Amino acid sequence: MIEKIEQLNSEVESAVITGIEQLENFRLKFLSKKGALNDLFEAFKDVPKESKREVGQRLNVLKAKIEELYFSHEEALTSINIKNQDIPDITLPEIPDQAGSLHPLTLVRNRITEIFARMGFSSSEGPEIESDWYNFSALNFAENHPAREMQDTFFVSKGKSQKEDMLLRTHTSNVQIRLMEITKPPLRSIMIGRVFRNEAISARAHCQFHQVEGLYVDKNVSFKDLKDTLLYFSREMFGNDTRIRLRPSYFPFTEPSAEIDISCFICKGDGCNICKHSGWVEIAGSGMVDPDVLENCGIDSNEYTGFAFGMGIERIAMLKYDVKDIRLFFDNDVRFLKQFKGI
Ligand code: DAH
């Protein structure tokens, strides 16, 4: 009996298992009911009493060895099989491991929205195809005012009267009117959107760009509120040591009106290319909402005052990211777009 055990042991040791089929043969030969190991256990019954202990021990050692061999090979072979299935066709071209990123104008727009939200400004939107009334007349542009000419309007269709002419909005100030028509003061909102002007496309100008408009109407809103709001915005956007400068200006819909400059955040006022060696960079138009505009929207100008401002998103993005050509924002070249991670 001992001899038979030794014999089976050496057979087991010399068995070669390199595939699923050989593994199954191994099982049938040694481990199955009709296998060699079972035969020996059958024969164990007839082993004389005095040898039972030794033979039994050897049989158990052999059994453990066979099982160990079988299960370790089974695990190795089946896990290789699963891995093989996971390997894709390596002759296929590589899938680029690239996530998309937000457009730089979206990043700037989100940042602007977030800064004004902290000051209690909601966000509003309005139509891009607009009537003359909302884009010009309600904003106090007189019928033949040269300021209409200055905005290089794309007209869409002619109306029965000038006020009904349809056009692509030249600024986001149309949303001021729409908002004041439907909302009673106090109201505090920014309006971001695309605007259009019939300009020759160059590195510095485009026929489409984006503006952010701001409007605050309430009792006792003053010019100081306008100044403080734009100073806070400028510091959040361009850095804590930013200063602002207001220059007298003219817009038909504000009185008084001011152009807002920020101290150059690149050279800190020493003079550089960005600020054209003046130390200041223009970022916005602004002013106190003209009482006539409030009245056009049904708001009592004796009771309420307001301030408004408007600025170009591309301009802010160009300053922040040092982009020298406005056309890059509309070319959709991934090599340009993927550079912007946040501000
Ligand atoms: N709408 C003006 C433009 O496109 C910008 C602007 C100036 C908006 C002054 C305003 C404002 O609300 O108060 O040039």
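Only heavy atoms go into these numbers, but all of them, side chains included; no hydrogens, no water, no symmetry mates. Please read all numbers here as calculations on a predicted model, not as lab measurements. When a ligand or atom number is given, it counts from 1 through the structure's own listing order.
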> Measuring from each atom of ligand 1, which residues have a heavy atom under 4.0 Å away?
Replying inline: H171, S173, Q176, R197, Q211, E213, F251, F253, T254, G285, S286, G287, A308, F309, G310
>> Less than 4.0 angstrom from a charged side-chain N to a carboxylate O is my criterion; do E303 and K184 meet it?
In response: no
> When F141 is tested against each of F136, Y250, F251 for ring pair (Phe, Tyr, Trp, His ring centres under 6.0 Å), which residue passes?
Replying inline: F136
>> Out of the candidates F309, Y232, Y216, only one should pair with F116 under the ring pair (Phe, Tyr, Trp, His ring centres under 6.0 Å) rule; please name it.
In response: F309
> So among K163, R169, R178, which one has a salt bridge (charged side-chain N to carboxylate O under 4.0 Å, His left out) with E130?
Replying inline: R178
> Residues two or more places apart in sequence or in another chain: which of them pass salt bridge (Lys or Arg N to Asp or Glu O under 4.0 Å) with K33?
Replying inline: none
> Using 30° and 60° as the class limits, which term best fits the ring planes of H103 and F329: parallel, tilted or perpendicular?
Replying inline: tilted
